[in-house]
Amino acid sequence: MATEVVMPKLGATMEEGTIVSWLVQVGETVEEGDPIAEIQTDKIVLEIEAETTGVLLKTLYDAGTVVKVHENIAYLGEENERVEDLEKQTPTASLQSAEAQRPGLAEESTIQSRQLETGSKIRRTPAARKLAEDNQLDLRMITGSGPLGRIQKMDVENYLARPRQKITPLAKKVADDQGIDIHGVTGTGTRGKIVKDDIVSISSIKTDETQQIVQAEKRVPFKGMRKVIADRISSSAYTAPHVTLLSEIDMTKCVALRKDLLPVIEKEEGLRVSFNDILMKATAFALKQHPGLNISLEGNEIVYHSNIHIGMAVAVSDGLVVPVLRDVDQKGLAVITREAKTIGKQARDGKLSPDDMQGSTFTISNLGMYAVDGFTPIINAPNAAILGVGRIQEKPVIVNGEVAVRSMMNVSLSFDHRIIDGAPAAAFLTDLKDTLENPFKLMI
Amino acid sequence: MRDMTYLEAIRESMSQVMRKDEDVFIMGEDIGIYGGAFGLTNGMIEEFGPERVRNTPISEAAISGCAVGAAMTGMRPILEIQFSDFVMIAMDNIVNQAAKMRYMFGGKAKVPVVVRLPGGSGAGFAAQHSQSLEAWMTHVPGLKVVQPSNAYDAKGLMKAAIKDDNPVLFYEHKLLYNIKGEVPEEDYEIPLGVADIKKEGTDITIIATAIMVNRALEAAAELEKEGISVEVIDPRTLVPLDTETIFQSVKKTSRVLVVYEAVKRGGYGAEIASMIAESEVFDYLDAPIKRLGGVPTPIPYNPELEKAAVPQVNDIIQECRKLMNK
């Protein structure tokens with residue numbers, strides 16, 4: 001008996017996932033626990049594992065396809081098992097077999113009927129929905145003429161009445177890839193069918209004519225990780241009243257410390273300790289003394305966390321993730337260096353698990369590698385505070401009445417003024433500054 | 001066929017039944033020699049005498065209490081509340097007694113009473129004499145509510161109301177009283193719970209009651225010139241309501257406008273709209289169901305303001321255009 005492989009739901013807010021790649025080919029045997037496919041959620045890439053041992057009988061979507069959670073994406077079963085029989089038992093499959101019965105329409109016309117009711121926010125009247133459903137039409141293909149673009153029965157009727165343009169699957173793919181509207185394209189294939197060449201010729205004309213516009217304007221759907229980041233950042237910025245404290249820290253002793261520690265830690269871990277690692281350690285040390293900063297607002301309760309888990313903002317190719325280093329206050333610099341490097345690499349490779357990004361109690365956002373002197377970070381909710389770190393720069397400063405060259409660094413502490421007052425935040429920042437200026441304290 | 005006013009049709013209906021059925025009698029304030037506030041009972045005291053056309057004191061509580069008691073003993077009273085607004089004084093007798101008797105006595109007591117209620121605005125009677133309060137009564141289990149829109153229906157529905165063994169509230173519209181229509185001489189009956197399609201159409205279903213039926217028909221004639229085909233349905237009785245005729249029409253047109261004179265908020269049109277929305281014809285809707293009702297204000301005395309307070313022909317036309325996105 002074949003089993004279904006479904007798109008997993010990996011978080012409360014996950015609604016769909018993208019199949020990044022199939023790791024097993026149809027016909028190959030997998031053991032229970034073997035990875036079958038890589039899927040991408042809003043933030044991470046994960047592997048789906050086989051729940052049973054068997055042969056991958058069929059994959060229902062190509063790599064790159066976005067699939068809703070809990071939807072069937074493949075079948076595992078015994079060798080020579082017939083998937084066709086199975087597919088009829090599932091709604092998705094029955095639709096596909098309906099398509100198969102009228103190949104001229106479904107395969108080659110411009111009408112897609114893959115997903116009927118997507119639950120997406122299409123404005124449509126009940127009558128339009130029913131008519132579309134009866135005709136297995138995807139309402140997303142139809143432009144509504146009603147108020148605010150509401151699709152009405154008339155729009156569906158017009159759509160149905162429109163001459164159906166035939167197009168080869170290849171031409172369709174090329175057109176989709178290049179974002180070409182095939183309506184109005186004259187097909188040169190048999191009985192006016194649009195073939196690849198028709199699209200290519202359009203596309204070259206289009207390229208010439210619109211090159212300037214294309215260069216000037218690129219439109220990318222506002223969704224996925226970008227949308228998640230946007231939602232969380234705005235939610236935090238709008239709900240938590242932010243106050244940011246600034247402080248300039250003399251890092252000269254830290255620079256010296258790092259210089260001394262570099263060969264030591266490199267010998268032990270094979271990794272180079274960074275200022276960020278020292279900062280994490282110092283921040284955890286300061287948080288330990290100021291538990292009032294290591295808190296979250298959860299509903300009607302202020303939670304004072306018993307652990308110090310520090311989120312580390314990491315820029316990735318198309319956004320930002322915040323993996324979490326746990327119990328930082330209890331770890332030595334060597335361990336912190338190892339863990340920070342590992343988790344940073346995982347973040348950039350998109351291999352973090354949801355667990356890796358949950359549970360932070362405080363966050364550090366370090367832009368010190370850029371020419372940034374300071375900035376006002378937005379709190380990473382549900383944390384109550386975030387430390388923004390600028391670059392370390394040698395500057396002339398007055399020490400004991402004399403001008404000296406010191407390695408100076410600006411930090412900024414944004415905190416949620418609903419639950420943290422200015423004075424305790426300032427006290428924390430003062431102690432952090434003191435720790436970084438006298439890093440031997442970390443040994444105490 | 002002869003033409004007759006709505007008012008005359010109601011009188012004729014009552015007279016025809018009274019001639020046949022000794023148990024039927026009418027009562028109300030000044031309905032005897034004076035002929036009632038609107039002259040509806042003119043001449044009836046001459047034919048039936050003061051025993052069956054009874055003048056009453058100015059007490060709606062007394063009239064209604066009397067009528068409910070008489071009905072329970074086997075009589076079939078028709079009582080006139082001079083203006084439907086005054087029914088509040090009779091509310092306990094109607095809502096708490098008449099509506100519940102049959103139920104509470106396990107069917108052994110019947111309450112065959114008809115309460116005639118001249119309602120509606122447009123005649124310059126101001127805030128206390130011009131209301132449309134029928135929705136109140138539709139909320140009460142045990143009451144039937146009738147609202148005829150023309151002379152023919154008024155006659156046939158009155159007959160059915162008198163014959164009914166339950167309390168029936170018979171809402172008459174003051175502005176309709178003098179509107180004539182064809183009315184057969186014979187004593188015919190229109191069963192309660194059967195709607196009438198006053199005009200057929202294909203684009204929009206208007207469900208209208210009382211004077212709004214006439215306005216909807218006028219609006220429909222105008223809209224026809226613009227190529228919008230309107231079907232006008234008159235439920236005629238709000239309880240029982242003929243949902244089947246309404247649903248059939250909605251299936252045909254996919255768009256619905258409910259027009260009623262009562263204040264839009266909490267009006268019976270909301271009930272009709274909800275019934276459509278939660279029925280199987282929901283899938284046939286091609287636009288949100290629209291209600292057009294009175295503005296939430298006491299009916300003004302000033303004739304222009306009085307007009308502005310309830311839907312007029314132009315308002316109906318506008319709403320229909322909006323429904324068609326025009």
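Since we're looking at a predicted model, the values are computed, not measured. Lettering follows sequence order; numbering is per chain, from 1.
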*Minimum heavy-atom separation for A/R150 to B/P288, with atom names?*
NH2-CD, 3.2 Å

*Rounded to the nearest 0.5 Å, what separation is found between the NZ atom of A/K130 and the CZ atom of B/F282?*
12.5 Å

*Could you give the distance from CZ (B/R255) to NZ (A/K153), rounded to the nearest 0.5 Å?*
7.0 Å

*State, yes or no, whether a side-chain contact exists between B/D286 and A/T125 at a heavy-atom distance under 4.5 Å.*
yes

*Indicate yes or no: at least one non-hydrogen side-chain atom of A/M154 is less than 4.5 angstrom from one of B/S254.*
no

Tell me whether the count of non-hydrogen atoms from other residues, nucleotides or ligands lying under 6.0 Å of [atom1] in [X] goes above 12.
X: B/E271; atom1: CD; value: yes
X: A/Y238; atom1: OH; value: no
X: B/Y188; atom1: OH; value: yes
X: A/R123; atom1: CZ; value: yes
X: B/K290; atom1: NZ; value: no

*With a 4.5 angstrom heavy-atom cut-off, which part of B/N325 approaches chain A: side chain, backbone, both or neither?*
side chain

